[in-house]
Amino acid sequence: MRRYTTLSALAVLFLFPLLWSGYASLEKPANYLRMAEYGEGVGTYAANSVLVSVMTVGGTLLVSALGGYAFARFDFPGKNLLFLATLAILMVPYATILIPLYVLLGYLGLQNSLVGLSLVFVMFQLPFALFMMRNAFESVPRELEEAALVDGCGTFRAFSRILLPAVRPALITVGLFAFLASWNDFFAPLILLNDGASFTLPVAVVSMTSGTFGTVDYGMLQAGVVVMALPCLILFIVLQRHYVRGFMSGALRG
């Protein structure tokens, strides 16, 4: 009984800011209308965020699934060193390399580009994603893959037909983390994008705080917060079961 009381209290504590934002945004229905018409229009900013998030999730899943499978199943020179080098990205302060990345994207022709921003997000997601996927693939018995190979499946077919379905919870966990990171990130879009039409939702919502003579339209700001938070909340609720299973099968192994 005490445990449920504690969990209920924590749930109320964590939900209170979102509920308060929802109440403040609905206090005046015009808040959402003003937010929809702000700048380039909330539809443009939302579409940019969706596009960046989709590319980030797709890129992260593709690279981490292939890389995690390679690290889990194959032996090659420098394997452990390469894996540690990938994990070492976590030791680099996020903000310190955004300016060098901005210059690099300029050389690649991807400056002020949603594709370039997505590549940066994928890079920062790789350490966690590779760690999760390597452990998830290692938790799958090798006998399943060997049986598929004996039955005539090639390596890629065994990977796609047998192993990927077996590590689906880890894939969902990695994808959810990549989505949340790219959808909510403010600092990287602020540095890497300089065209208002390319801004993502977090940058647009923060820019709403700059009113005339320093005033802030808190109703419109809270409406933006609700629009940003709802997709994350819905995805987490829908995928919660897979998310927990992914952590149990991936992050806690080894």
Side-chain angles (χ1 to χ4, degrees), residues 17-18 21 35 38-65 67 85-133 171-210 221-236 239 243:
L18 182 59
S21 295
M35 179 201 63
Y38 178 82
E40 299 292 333
V42 71
T44 298
Y45 303 130
N48 292 339
S49 289
V50 169
L51 182 58
V52 169
S53 299
V54 168
M55 289 190 292
T56 301
V57 171
T60 301
L61 289 177
L62 176 64
V63 177
S64 64
T86 304
L87 294 182
I89 297 176
L90 293 172
M91 302 174 62
V92 180
Y94 179 54
T96 60
I97 61 174
L98 283 179
I99 299 302
L101 285 174
Y102 180 81
V103 176
L104 176 62
L105 291 176
Y107 285 119
L108 297 175
L110 294 174
Q111 211 170 66
N112 192 37
S113 163
L114 297 181
V115 174
L117 178 62
S118 301
L119 291 176
V120 171
F121 284 146
V122 170
M123 181 193 71
F124 281 108
Q125 287 299 304
L126 276 184
F128 168 78
L130 277 176
F131 178 80
M132 284 286 298
M133 295 311 303
L171 288 171
I172 292 175
T173 301
V174 168
L176 184 59
F177 260 80
F179 173 82
L180 293 177
S182 57
W183 180 267
N184 292 312
D185 193 276
F186 163 74
F187 198 49
L190 178 68
I191 299 297
L192 301 178
L193 302 175
N194 50 43
D195 181 8
S198 299
F199 284 165
T200 55
L201 270 176
V203 179
V205 169
V206 171
S207 67
M208 293 176 187
T209 62
S210 301
L221 180 62
Q222 296 299 338
V225 170
V226 171
V227 170
M228 281 183 55
L230 278 179
C232 301
L233 183 63
I234 293 171
L235 271 179
F236 185 80
L239 301 176
Y243 171 79

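This chain uses plain numbering: 1 for the first residue, then up along the sequence.
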Calculate, to the nearest 0.5 Å, the distance between atoms [atom1] and [atom2] belonging to [X] and [Y] respectively.
{"X": "Thr200", "Y": "Leu51", "atom1": "OG1", "atom2": "CG", "answer": "11.0 Å"}
{"X": "Thr56", "Y": "Leu180", "atom1": "OG1", "atom2": "CG", "answer": "12.0 Å"}
{"X": "Leu101", "Y": "Leu108", "atom1": "CG", "atom2": "CG", "answer": "10.0 Å"}
{"X": "Ile97", "Y": "Ile191", "atom1": "CD1", "atom2": "CD1", "answer": "12.5 Å"}

Can you see which heavy atom on [X] is nearest to which on [Y], and at what distance?
{"X": "Ser118", "Y": "Met55", "result": "OG-CE, 3.2 Å"}
{"X": "Leu117", "Y": "Leu192", "result": "CD1-CD1, 3.8 Å"}
{"X": "Leu114", "Y": "Ser198", "result": "CD2-O, 3.5 Å"}
{"X": "Asn48", "Y": "Phe199", "result": "ND2-O, 2.9 Å"}
{"X": "Pro189", "Y": "Val203", "result": "CB-CG2, 3.7 Å"}
{"X": "Leu87", "Y": "Pro127", "result": "CD2-O, 3.5 Å"}

Would you please test Asp185 and Val52 for side chain to side chain contact (heavy atoms under 4.5 Å, CB included) and show each step?
CA-CA 11 Å; Asp185 193 276; Val52 169; over 6 Å; no
Taking the side chain as every heavy atom from C-beta outward, state whether [X] and [Y] have any pair of such atoms under 4.5 Å apart.
{"X": "Val50", "Y": "Trp183", "result": "yes"}
{"X": "Cys232", "Y": "Phe179", "result": "yes"}
{"X": "Thr60", "Y": "Phe128", "result": "no"}
{"X": "Met228", "Y": "Pro202", "result": "yes"}
{"X": "Val206", "Y": "Leu190", "result": "no"}

Dump the intermediate steps for side chain to side chain contact (heavy atoms under 4.5 Å, CB included) on Met132 and Leu171, then the final yes or no.
CA-CA 9 Å; Met132 284 286 298; Leu171 288 171; over 6 Å; no
Go through the steps to decide whether Met123 and Leu119 satisfy the test side chain to side chain contact (heavy atoms under 4.5 Å, CB included), and finish with yes or no.
CA-CA 6 Å; Met123 181 193 71; Leu119 291 176; over 6 Å; no
Within the side chain of [X], is there an N or O that forms a donor-acceptor pair under 3.5 Å with the backbone of [Y]?
{"X": "Gln111", "Y": "Tyr102", "answer": "yes"}
{"X": "Asn194", "Y": "Asn112", "answer": "no"}
{"X": "Ser49", "Y": "Leu201", "answer": "yes"}

